[in-house]
J.: 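I have a structure I would like to understand better, so I am pasting it below and will then ask my questions one at a time.
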Amino acid sequence: AQSVTQPDIHITVSEGASLELRCNYSYGATPYLFWYVQSPGQGLQLLLKYFSGDTLVQGIKGFEAEFKRSQSSFNLRKPSVHWSDAAEYFCAVGSTGGGNKLTFGTGTQLKVEL
Amino acid sequence: NAGVTQTPKFRILKIGQSMTLQCTQDMNHNYMYWYRQDPGMGLKLIYYSVGAGITDKGEVPNGYNVSRSTTEDFPLRLELAAPSQTSVYFCASSLRTGGQYGYTFGSGTRLTVV
(Lines give C-alpha, C1' and ligand atoms only; values in the text may rest on other atoms or scores of the structure.)
Protein backbone atom coordinates (compact mmCIF):
# COMPACT_ATOMS: atom_id res chain seq x y z
CA ALA A 1 0.00 0.00 0.00
CA GLN A 2 1.18 3.48 -0.74
CA SER A 3 2.13 5.83 2.09
CA VAL A 4 3.61 9.24 2.73
CA THR A 5 5.77 10.38 5.63
CA GLN A 6 6.32 13.99 6.58
CA PRO A 7 8.83 13.79 9.41
CA ASP A 8 8.54 17.39 10.56
CA ILE A 9 5.33 18.26 12.38
CA HIS A 10 6.27 21.91 12.96
CA ILE A 11 8.88 24.11 11.33
CA THR A 12 9.69 27.73 12.16
CA VAL A 13 11.69 29.95 9.82
CA SER A 14 12.44 33.64 9.70
CA GLU A 15 10.97 35.73 6.92
CA GLY A 16 13.41 35.87 4.03
CA ALA A 17 15.10 32.62 4.97
CA SER A 18 15.06 29.55 2.77
CA LEU A 19 12.68 26.68 3.39
CA GLU A 20 12.75 22.95 2.83
CA LEU A 21 9.89 20.66 3.85
CA ARG A 22 10.59 16.95 3.74
CA CYS A 23 8.43 14.25 2.22
CA ASN A 24 9.17 10.55 1.80
CA TYR A 25 6.86 8.20 -0.02
CA SER A 26 6.32 4.50 -0.45
CA TYR A 27 4.86 3.31 -3.74
CA GLY A 28 5.52 0.29 -5.91
CA ALA A 29 5.60 1.98 -9.29
CA THR A 30 6.52 5.40 -10.62
CA PRO A 31 4.71 7.74 -8.26
CA TYR A 32 2.48 10.70 -8.90
CA LEU A 33 3.43 13.23 -6.24
CA PHE A 34 1.75 16.39 -5.03
CA TRP A 35 2.19 19.22 -2.56
CA TYR A 36 -0.84 21.04 -1.18
CA VAL A 37 -1.08 24.06 1.11
CA GLN A 38 -3.84 24.76 3.61
CA SER A 39 -4.32 28.19 5.14
CA PRO A 40 -6.24 28.36 8.43
CA GLY A 41 -9.94 27.61 7.96
CA GLN A 42 -9.50 26.95 4.27
CA GLY A 43 -9.47 24.01 1.93
CA LEU A 44 -6.35 22.60 0.32
CA GLN A 45 -4.76 24.31 -2.66
CA LEU A 46 -2.48 22.52 -5.10
CA LEU A 47 1.06 23.94 -5.12
CA LEU A 48 2.70 21.59 -7.61
CA LYS A 49 2.72 18.06 -8.94
CA TYR A 50 5.15 15.57 -10.43
CA PHE A 51 4.24 12.94 -13.03
CA SER A 52 7.41 12.18 -14.93
CA GLY A 53 10.25 13.85 -16.76
CA ASP A 54 12.19 16.70 -15.20
CA THR A 55 12.75 15.89 -11.55
CA LEU A 56 12.67 19.56 -10.51
CA VAL A 57 9.10 20.82 -10.57
CA GLN A 58 8.05 24.45 -10.36
CA GLY A 59 4.81 25.44 -8.68
CA ILE A 60 2.81 28.46 -7.68
CA LYS A 61 3.86 31.09 -5.13
CA GLY A 62 7.56 30.54 -5.85
CA PHE A 63 7.68 26.95 -4.59
CA GLU A 64 9.57 24.11 -6.19
CA ALA A 65 10.07 20.43 -5.39
CA GLU A 66 12.64 17.86 -6.40
CA PHE A 67 11.86 14.21 -7.00
CA LYS A 68 14.66 11.85 -5.96
CA ARG A 69 13.81 8.28 -6.77
CA SER A 70 16.89 6.86 -5.02
CA GLN A 71 15.81 8.48 -1.76
CA SER A 72 12.03 8.08 -2.26
CA SER A 73 11.73 11.77 -1.53
CA PHE A 74 9.87 14.76 -2.88
CA ASN A 75 11.00 17.73 -0.79
CA LEU A 76 9.40 21.15 -1.13
CA ARG A 77 11.62 24.24 -1.26
CA LYS A 78 11.36 27.99 -1.41
CA PRO A 79 14.40 30.31 -1.59
CA SER A 80 12.90 33.14 0.46
CA VAL A 81 9.88 32.71 2.71
CA HIS A 82 7.22 35.40 3.10
CA TRP A 83 5.04 35.84 6.19
CA SER A 84 2.04 34.88 4.08
CA ASP A 85 3.54 31.39 3.56
CA ALA A 86 2.60 30.45 7.12
CA ALA A 87 0.21 27.52 6.67
CA GLU A 88 0.06 23.74 6.80
CA TYR A 89 1.65 21.81 3.96
CA PHE A 90 0.65 18.35 2.84
CA CYS A 91 2.53 15.94 0.62
CA ALA A 92 0.50 13.30 -1.23
CA VAL A 93 1.09 10.32 -3.48
CA GLY A 94 -1.44 9.26 -6.09
CA SER A 95 -2.43 5.84 -7.33
CA THR A 96 -3.73 4.99 -10.76
CA GLY A 97 -5.80 2.03 -9.62
CA GLY A 98 -8.41 1.36 -6.95
CA GLY A 99 -10.26 4.62 -7.38
CA ASN A 100 -7.29 6.65 -8.47
CA LYS A 101 -7.00 8.44 -5.19
CA LEU A 102 -4.47 10.42 -3.20
CA THR A 103 -2.86 9.32 0.05
CA PHE A 104 -1.77 12.23 2.22
CA GLY A 105 0.95 12.70 4.76
CA THR A 106 0.18 14.06 8.21
CA GLY A 107 1.25 17.58 7.31
CA THR A 108 3.90 20.10 8.34
CA GLN A 109 2.85 23.29 10.08
CA LEU A 110 4.99 26.22 8.97
CA LYS A 111 5.42 29.26 11.19
CA VAL A 112 7.15 32.36 9.85
CA GLU A 113 8.83 34.73 12.27
CA LEU A 114 9.02 38.37 11.30
CA ASN B 1 -17.30 28.98 -11.82
CA ALA B 2 -17.81 28.00 -8.15
CA GLY B 3 -15.65 24.83 -8.15
CA VAL B 4 -16.47 22.52 -5.22
CA THR B 5 -19.10 23.85 -2.81
CA GLN B 6 -19.66 22.35 0.62
CA THR B 7 -22.52 23.12 2.98
CA PRO B 8 -22.83 23.76 5.84
CA LYS B 9 -19.50 25.30 6.90
CA PHE B 10 -20.10 24.60 10.57
CA ARG B 11 -22.44 22.31 12.45
CA ILE B 12 -22.93 21.08 16.01
CA LEU B 13 -24.73 17.76 16.42
CA LYS B 14 -25.89 15.90 19.47
CA ILE B 15 -24.92 12.25 19.89
CA GLY B 16 -27.31 10.03 17.95
CA GLN B 17 -28.52 12.73 15.59
CA SER B 18 -28.16 12.40 11.85
CA MET B 19 -27.19 14.86 9.15
CA THR B 20 -26.10 15.14 5.54
CA LEU B 21 -23.04 17.04 4.43
CA GLN B 22 -23.63 18.45 0.99
CA CYS B 23 -21.04 18.61 -1.78
CA THR B 24 -21.61 20.01 -5.27
CA GLN B 25 -19.18 20.62 -8.09
CA ASP B 26 -19.83 22.48 -11.33
CA MET B 27 -16.76 21.35 -13.26
CA ASN B 28 -18.29 18.17 -14.71
CA HIS B 29 -15.76 16.08 -12.81
CA ASN B 30 -16.30 12.33 -12.79
CA TYR B 31 -14.31 11.55 -9.66
CA MET B 32 -15.40 12.75 -6.23
CA TYR B 33 -14.01 12.07 -2.77
CA TRP B 34 -14.80 12.61 0.91
CA TYR B 35 -11.98 13.00 3.42
CA ARG B 36 -11.90 13.77 7.10
CA GLN B 37 -9.10 15.75 8.68
CA ASP B 38 -8.10 15.34 12.30
CA PRO B 39 -5.22 17.20 13.99
CA GLY B 40 -1.90 15.48 13.41
CA MET B 41 -3.52 12.73 11.35
CA GLY B 42 -3.60 14.26 7.90
CA LEU B 43 -6.52 13.44 5.64
CA LYS B 44 -8.22 10.07 5.66
CA LEU B 45 -10.42 8.90 2.78
CA ILE B 46 -13.99 8.03 3.79
CA TYR B 47 -15.71 7.28 0.47
CA TYR B 48 -15.15 7.99 -3.17
CA SER B 49 -17.03 7.82 -6.46
CA VAL B 50 -15.78 7.33 -10.01
CA GLY B 51 -19.06 8.40 -11.60
CA ALA B 52 -22.79 8.72 -11.10
CA GLY B 53 -24.19 5.58 -9.50
CA ILE B 54 -20.77 4.21 -8.50
CA THR B 55 -19.35 4.56 -4.99
CA ASP B 56 -16.78 2.69 -2.94
CA LYS B 57 -15.34 2.67 0.56
CA GLY B 58 -12.14 4.35 1.51
CA GLU B 59 -9.96 3.92 4.56
CA VAL B 60 -12.44 5.00 7.28
CA PRO B 61 -16.04 4.38 6.04
CA ASN B 62 -17.66 3.17 9.27
CA GLY B 63 -20.51 5.40 10.44
CA TYR B 64 -20.94 7.08 7.04
CA ASN B 65 -22.91 6.54 3.86
CA VAL B 66 -22.83 8.17 0.44
CA SER B 67 -24.79 8.27 -2.77
CA ARG B 68 -24.04 9.65 -6.22
CA SER B 69 -27.21 10.10 -8.24
CA THR B 70 -25.81 12.89 -10.42
CA THR B 71 -22.37 13.92 -11.65
CA GLU B 72 -22.58 17.16 -9.68
CA ASP B 73 -23.60 15.98 -6.20
CA PHE B 74 -21.93 13.68 -3.69
CA PRO B 75 -23.59 13.97 -0.26
CA LEU B 76 -22.15 12.33 2.85
CA ARG B 77 -24.61 10.97 5.40
CA LEU B 78 -24.01 10.47 9.12
CA GLU B 79 -26.78 8.31 10.55
CA LEU B 80 -26.00 8.14 14.28
CA ALA B 81 -23.52 10.82 15.18
CA ALA B 82 -20.79 9.89 17.65
CA PRO B 83 -18.10 12.06 19.31
CA SER B 84 -15.47 10.23 17.23
CA GLN B 85 -16.97 11.86 14.15
CA THR B 86 -15.99 15.32 15.35
CA SER B 87 -13.72 16.43 12.54
CA VAL B 88 -13.30 18.67 9.53
CA TYR B 89 -14.73 17.11 6.39
CA PHE B 90 -13.47 17.90 2.90
CA CYS B 91 -15.05 17.06 -0.39
CA ALA B 92 -12.85 16.96 -3.49
CA SER B 93 -13.25 16.26 -7.17
CA SER B 94 -11.12 15.43 -10.19
CA LEU B 95 -11.87 15.46 -13.91
CA ARG B 96 -9.86 12.38 -14.57
CA THR B 97 -8.07 10.05 -12.27
CA GLY B 98 -7.34 11.96 -9.11
CA GLY B 99 -4.28 9.90 -8.45
CA GLN B 100 -2.66 11.34 -11.55
CA TYR B 101 -4.07 14.83 -11.76
CA GLY B 102 -4.79 15.81 -8.18
CA TYR B 103 -7.97 17.17 -6.68
CA THR B 104 -9.93 20.38 -6.40
CA PHE B 105 -11.04 20.77 -2.79
CA GLY B 106 -14.03 22.40 -1.18
CA SER B 107 -13.55 24.72 1.79
CA GLY B 108 -14.65 22.12 4.33
CA THR B 109 -17.34 21.46 6.93
CA ARG B 110 -16.36 21.66 10.58
CA LEU B 111 -18.52 19.21 12.55
CA THR B 112 -18.69 18.90 16.32
CA VAL B 113 -20.60 16.08 17.99
CA VAL B 114 -21.49 16.67 21.64
Side-chain angles (χ1 to χ4, degrees), chain A residues 1-10 21 23-53 57 59-60 65 74 87-109, chain B residues 2-10 21 23 25 27 29-51 54-61 66 68 74 88-110:
Chain A
Q2 63 204 55
S3 65
V4 176
T5 301
Q6 293 181 250
D8 303 306
I9 299 173
H10 299 279
L21 302 182
C23 172
N24 293 97
Y25 68 89
S26 173
Y27 188 67
T30 301
Y32 299 89
L33 295 163
F34 305 81
W35 275 100
Y36 282 84
V37 60
Q38 184 182 29
S39 298
Q42 301 298 312
L44 281 74
Q45 180 184 20
L46 181 65
L47 282 176
L48 48 79
K49 56 189 176 185
Y50 170 79
F51 293 162
S52 64
V57 181
I60 62 172
F74 188 56
E88 190 158 21
Y89 292 80
F90 291 92
C91 183
V93 61
S95 67
T96 55
N100 302 292
K101 51 194 177 292
L102 297 184
T103 298
F104 289 85
T106 52
T108 297
Q109 188 72 46
Chain B
V4 179
T5 302
Q6 290 185 240
T7 56
K9 293 189 181 300
F10 304 93
L21 282 66
C23 176
Q25 53 91 8
M27 298 172 286
H29 284 180
N30 289 323
Y31 294 78
M32 296 188 75
Y33 308 84
W34 274 106
Y35 284 83
R36 60 177 288 172
Q37 181 183 29
D38 301 297
M41 302 295 289
L43 285 82
K44 302 293 185 184
L45 182 64
I46 304 172
Y47 271 96
Y48 65 97
S49 171
V50 301
I54 306 170
T55 62
D56 206 348
K57 296 177 180 178
E59 187 179 358
V60 289
V66 294
R68 184 97 182 270
F74 190 41
V88 181
Y89 292 84
F90 287 101
C91 180
S93 72
S94 177
L95 176 60
R96 298 185 185 91
T97 57
Q100 291 178 274
Y101 295 92
Y103 302 160
T104 299
F105 279 90
S107 58
T109 295
R110 184 174 295 275

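In what follows, chains carry the letters A, B, and so on, assigned in the order in which the sequence lines appear, proteins first and then strands, with residues in each chain numbered from 1.
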J.: For the residue pair B:F105 and A:Y36, categorise the inter-ring angle as parallel (less than 30°), tilted (30 to 60°) or perpendicular (more than 60°).
T.: perpendicular
J.: Mind telling me whether A:F74 and A:Y50 have parallel, tilted or perpendicular rings, with 30° and 60° as the class edges?
T.: tilted
J.: Measure A:Q38 against the heavy atoms of chain B and call it side chain, backbone, both or neither at under 4.5 Å.
T.: side chain
J.: Who wins among B:G108, B:P39, B:S49, B:S107 for the most heavy-atom pairs under 4.5 Å with chain A?
T.: B:S107
J.: Assess whether atom CD1 of A:I9 is packed by more than 12 heavy atoms of other residues, nucleotides or ligands within 6.0 Å.
T.: no
J.: B:Y31 vs B:Y33 aromatic rings, parallel, tilted or perpendicular, using cut-offs 30° and 60°?
T.: parallel
J.: Checking B:E59 against chain A: side chain, backbone, both or neither under 4.5 Å from a heavy atom?
T.: neither
J.: Looking only at heavy atoms and a cut-off of under 4.5 Å, which of A:T103, A:L44, A:V4 has the most pairs with chain B?
T.: A:L44
J.: Got a sec, which residues hit side-chain hydrogen bond (donor to acceptor under 3.5 Å, both in side chains) with B:Q6, two or more places apart in sequence or on another chain?
T.: none
J.: Report which part of B:L43 has an atom under 4.5 Å of a heavy atom belonging to chain A: side chain, backbone, both, or neither.
T.: both
